[in-house]
Enquirer: 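Sending over a structure as structure tokens; questions will come in a sec.
Note that ligands are numbered from 1 as they come in the structure, with each ligand's atoms numbered from 1 the same way. Note that the coordinates shown come from a computational prediction; the quantities given were computed from them, not determined experimentally.
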Amino acid sequence: MQAVILVGGQATRLRPLTINTPKSMVPVLNRPFLEYVIQNLSRHGVTEIILARHHLAGPIESYLGDGSRFGVGIRYVIEEEARGTAGAIKNVEKYLDGTFLALNGDIFSDLDITEIVRFHTEQNARATIALVPVEDPSAYGLIETDLTGRVRRFLEKPDPGEITTNLINAGTYVLEPEVLAQIPPDVQVSIERETYPLLVSSGQPVYAFSFAGYWMDVGTSEKYLQLHRDLLSGKSTWYTPGTDEEVLIGEGCSIDPTAQITGPVVIGAGCTVGEGSIVEDSVIWHDVLLGSRVRVQSSVIADNCTLNDGSIVEGTALGDHVMVVAGGRVEPGSTVEPGERVG
Ligand code: GDD
Ligand code: MG
């Protein structure tokens with residue numbers, strides 16, 4: 001089976017973390033996000049992956065290479081201009097052969113790929129969409145089905161008055177090649193706003209596969225932090241908490257014995273945490289330096305930041321290479337761009 005992963009979005013809501021790091025390379029438990037997506041496909045027997053990309057792709061390619069490390073083959077396809085979620089799939093049509101999977105590249109989940117493909121085949125569907133319940137569907141694609149699971153309506157980003165269910169598009173599809181024939185070539189097309197509504201209104205069999213495992217759209221830095229809280233507390237099959245369950249520290253770190261690290265906390269490789277510093281409910285990427293008596297709380301700190309002695313960072317996300325001056329304070333909710341000097 002082949003899979004197309006869509007990694008062409010701009011990830012604007014995850015700024016400043018994604019200014020210099022593509023969303024797919026953002027670390028989750030110290031490993032690039034996309035690695036989990038690829039491993040989930042690989043463990044369910046997918047052997048060929050097409051990465052449909054548009055923006056900041058160099059680091060993805062150098063990290064994943066030809067995919068052999070993950071037991072898959074990876075082909076990289078660039079869109080000259082962003083084609084949208086259906087246009088990007090249409091753009092790789094010549095590499096596709098038979099029933100295939102298509103996935104949003106920014107979803108972290110335990111979805112059982114084997115089961116969704118089996119369901120799709122049993123229903124004799126033209127398209128099958130994984131479905132997940134959420135509290136507030138307004139930021140997602142709302143899906144109404146009938147009792148047999150057949151999709152009756154697909155409504156992307158519904159207004160509050162249009163919300164009729166809490167079930168939404170989980171961003172993983174099984175598609176038949178006939179779907180490709182209904183996407184116009186060389187233009188921008190949205191699978192959510194155009195292709196699915198068209199398939200449904202023309203009476204083609206589109207089915208929804210309900211799924212109960214862990215699911216998270218890592219759209220904002222708050223959700224990114226929530227993903228780590230969930231993973232460290234064992235809510236997904238991707239991580240089994242050990243004895244010091246809520247703290248994960250990468251290789252080559254130097255943590256002063258007087259520092260207080262209170263989970264959930266992930267610290268990347270090559271970091272230093274100085275005397276009397278406090279780190280709580282945060283994710284710190286690689287090569288970050290915390291001086292003495294620094295306090296970091298409910299924050300995300302990207303690569304190569306320096307937080308000088310006595311500084312405080314709370315409830316915020318710092319881009320890479322930020323420097324917080326000694327005794328400085330970063331106000332909760334502020335956005336700190338890469339390379340800035342603050343506090
Ligand atoms: N190659 C390519 N080209 N990829 C794209 C493009 C494009 O022009 N536009 C978006 N993508 C990729 C993004 O990188 C992301 O992985 C995926 O397509 C979905 O785009 P987002 O911009 O993240 O959409 P969203 O999060 O607002 O909504 C989507 O995901 C929800 C679930 O998280 C929709 O599919 C919703 O229906 C769904 O509920
Ligand atoms: Mg998204």
Enquirer: Check contact between Q188 and ligand 1, using heavy atoms of the residue and a distance below 4.0 angstrom.
Expert: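 No, Q188 has no heavy atoms under 4.0 Å from ligand 1.
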Enquirer: So which heavy atom in the protein is nearest atom 8 (O) of ligand 1, and how far is it from that ligand atom?
Expert: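 Going atom by atom, the protein heavy atom closest to atom 8 (O) of ligand 1 ends up being G84 N, 2.7 Å.
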Enquirer: Provide the number and element of each atom of ligand 1 under 4.0 Å from a heavy atom of I107.
Expert: 32 (C), 33 (O)
Enquirer: Using non-hydrogen atoms of the residue, decide whether Y196 is closer than 4.0 angstrom to ligand 1.
Expert: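 No, that is not the case, since the closest heavy atom of the residue is not under 4.0 Å from the ligand.
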Enquirer: Could you tell me whether I191 approaches ligand 1 through its side chain, its backbone, both or neither, with non-hydrogen atoms closer than 4.0 Å?
Expert: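 None of I191 does.
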Enquirer: Specify the protein heavy atom at minimum distance from atom 14 (O) of ligand 1: its residue, its atom name, and the distance to 0.1 Å.
Expert: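 Its nearest protein heavy-atom neighbour is G9 N, 2.7 Å.
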Enquirer: If you measure only the distance, is there a donor-acceptor pair under 3.5 Å linking the side chains of S202 and Q204?
Expert: yes
Enquirer: Any N or O on T85 sitting closer than 3.5 Å to an N or O of ligand 1?
Expert: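 There is no such contact.
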Enquirer: If Ile, Leu, Val, Met, Phe, Trp and Tyr residues are connected whenever their side-chain heavy atoms lie under 4.5 Å apart, and connections chain through other members, are L307 and M323 in the same group?
Expert: no
Enquirer: So which heavy atom in the protein is nearest atom 30 (O) of ligand 1, and how far is it from that ligand atom?
Expert: N104 ND2, 3.0 Å
Enquirer: Below a 4.0 angstrom heavy-atom separation, can you tell me which part of K157, side chain or backbone, both or neither, approaches ligand 1?
Expert: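 Answer for K157: side chain.
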Enquirer: Can you find an N/O atom of A139 closer than 3.5 Å to an N/O atom of ligand 1?
Expert: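 N/O-N/O distance below 3.5 Å does not exist for this pair.
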Enquirer: Whether the side chain of S282 engages the backbone of V279 through a donor-acceptor N/O pair (distance < 3.5 Å, no angle test) should be reported.
Expert: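 Checking the backbone N and O of V279 against the side chain of S282, no donor-acceptor pair under 3.5 Å is found.
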Enquirer: Does a salt bridge link R329 with E314, judged by any charged N lying under 4.0 Å from a carboxylate O?
Expert: yes
Enquirer: Taking only heavy atoms of A82 into account, list the atoms of ligand 1 that are under 4.0 Å away from them.
Expert: 8 (O)
Enquirer: Ligand 1 and L6, any nitrogen or oxygen pair closer than 3.5 angstrom?
Expert: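 The answer is yes, given that L6 and ligand 1 share an N or O pair closer than 3.5 Å.
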Enquirer: Evaluate the salt bridge (charged side-chain N to carboxylate O under 4.0 Å, His left out) criterion for residues R31 and E35: first the C-alpha distance (whole Å), next the side-chain angles of each, then the deciding distance (0.1 Å), finally the verdict.
Expert: CA-CA 7 Å; R31 284 158 55 204; E35 202 179 305; 3.0 Å; yes
Enquirer: Got an N/O contact under 3.5 Å between D217 and ligand 1?
Expert: yes
Enquirer: What about Y196 and Y173, are their ring centers closer than 6.0 Å?
Expert: yes
Enquirer: Nearest 0.5 Å, what's the CZ-CD1 distance between F100 and I50?
Expert: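 Answer rounded to 0.5 Å: 8.5 Å.
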Enquirer: P16 and E337: which non-hydrogen atoms are nearest, and at how many Å?
Expert: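 For P16 versus E337, the nearest heavy atoms are CB-CA, 4.2 Å.
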Enquirer: Nearest protein heavy atom to atom 3 (N) of ligand 1, by residue and atom, and its distance?
Expert: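 Sorting protein heavy atoms by distance from atom 3 (N) of ligand 1 puts E79 OE1, 2.9 Å first.
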Enquirer: Measure the spacing between CZ of R69 and CD of Q39 and express it to the nearest 0.5 Å.
Expert: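 If we round to the nearest 0.5 Å, R69:CZ and Q39:CD are 9.5 Å apart.
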Enquirer: I want to know if ligand 1 touches G141 in the polar sense, i.e. an N/O pair below 3.5 angstrom.
Expert: yes
Enquirer: Looking only at protein heavy atoms, which one is nearest to atom 38 (C) of ligand 1, and how far off is it?
Expert: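 That would be N169 O, 3.3 Å.
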Enquirer: Using a 4.0 Å cutoff against the non-hydrogen atoms of R83, which atoms of ligand 1 qualify?
Expert: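 Within the 4.0 Å cut-off of R83, ligand 1 contributes 8 (O).
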Enquirer: Polar contacts were defined as any N/O atom of the residue lying under 3.5 Å from an N/O atom of the ligand; does this apply to G105 and ligand 1?
Expert: yes
Enquirer: Hydrophobic clusters here meaning ILVMFWY residues chained together by side-chain heavy-atom distances under 4.5 Å, can you tell me if I107 and Y36 are in one?
Expert: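 In one cluster with I107: Y36, yes.
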Enquirer: Show me which atoms of ligand 1 lie under 4.0 Å from any heavy atom of A88.
Expert: 1 (N), 2 (C), 3 (N)
Enquirer: Closest N/O/S atom of D106 to the Mg ion (ligand 2), by atom name?
Expert: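 Going by distance to the Mg ion (ligand 2), the closest N, O or S atom in D106 is OD2.
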Enquirer: Looking only at heavy atoms, is any part of E192 under 4.0 Å from ligand 1, and if so is it the side chain, the backbone, or both, or is it neither?
Expert: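 The part of E192 near ligand 1 is the side chain, not the backbone.
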Enquirer: Is the shortest distance from atom 22 (O) of ligand 1 to a protein heavy atom below 4.0 Å?
Expert: no
Enquirer: Do V132 and Y140 land in one hydrophobic cluster if side-chain heavy atoms of ILVMFWY residues count as linked below 4.5 Å?
Expert: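 V132 clusters together with Y140.
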Enquirer: Using a 3.5 Å cut-off on N or O atoms only, is G8 in polar contact with ligand 1?
Expert: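 Yes - when backbone and side-chain N and O of G8 are compared with those of ligand 1, one distance drops under 3.5 Å.
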Enquirer: So T164 and E144, side-chain hydrogen bond (donor to acceptor under 3.5 Å, both in side chains) or not? Walk me through it.
Expert: CA-CA 8 Å; T164 49; E144 289 174 12; 2.6 Å; yes
Enquirer: For ligand 1, indicate whether the residue Y173 contacts it via side chain, backbone, both or neither (heavy-atom separation under 4.0 Å).
Expert: side chain
Enquirer: Which residue, T237, D230, D110, forms the side chain to side chain donor-acceptor pair (under 3.5 Å) with Y214?
Expert: D230
Enquirer: State the CD-CG distance between Q226 and D281, to the nearest 0.5 angstrom.
Expert: 8.5 Å
Enquirer: Applying a strict 4.0 Å limit to heavy atoms, is G219 in contact with ligand 1?
Expert: no
Enquirer: Can you tell me the protein heavy atom closest to atom 37 (O) of ligand 1 and the distance?
Expert: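 Going atom by atom, the protein heavy atom closest to atom 37 (O) of ligand 1 ends up being E156 OE1, 2.6 Å.
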Enquirer: Check for a donor-acceptor pair, side chain of H286 on one end and backbone N or O of A269 on the other, with a separation under 3.5 Å.
Expert: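 Yes: the side chain of H286 pairs with the backbone of A269.
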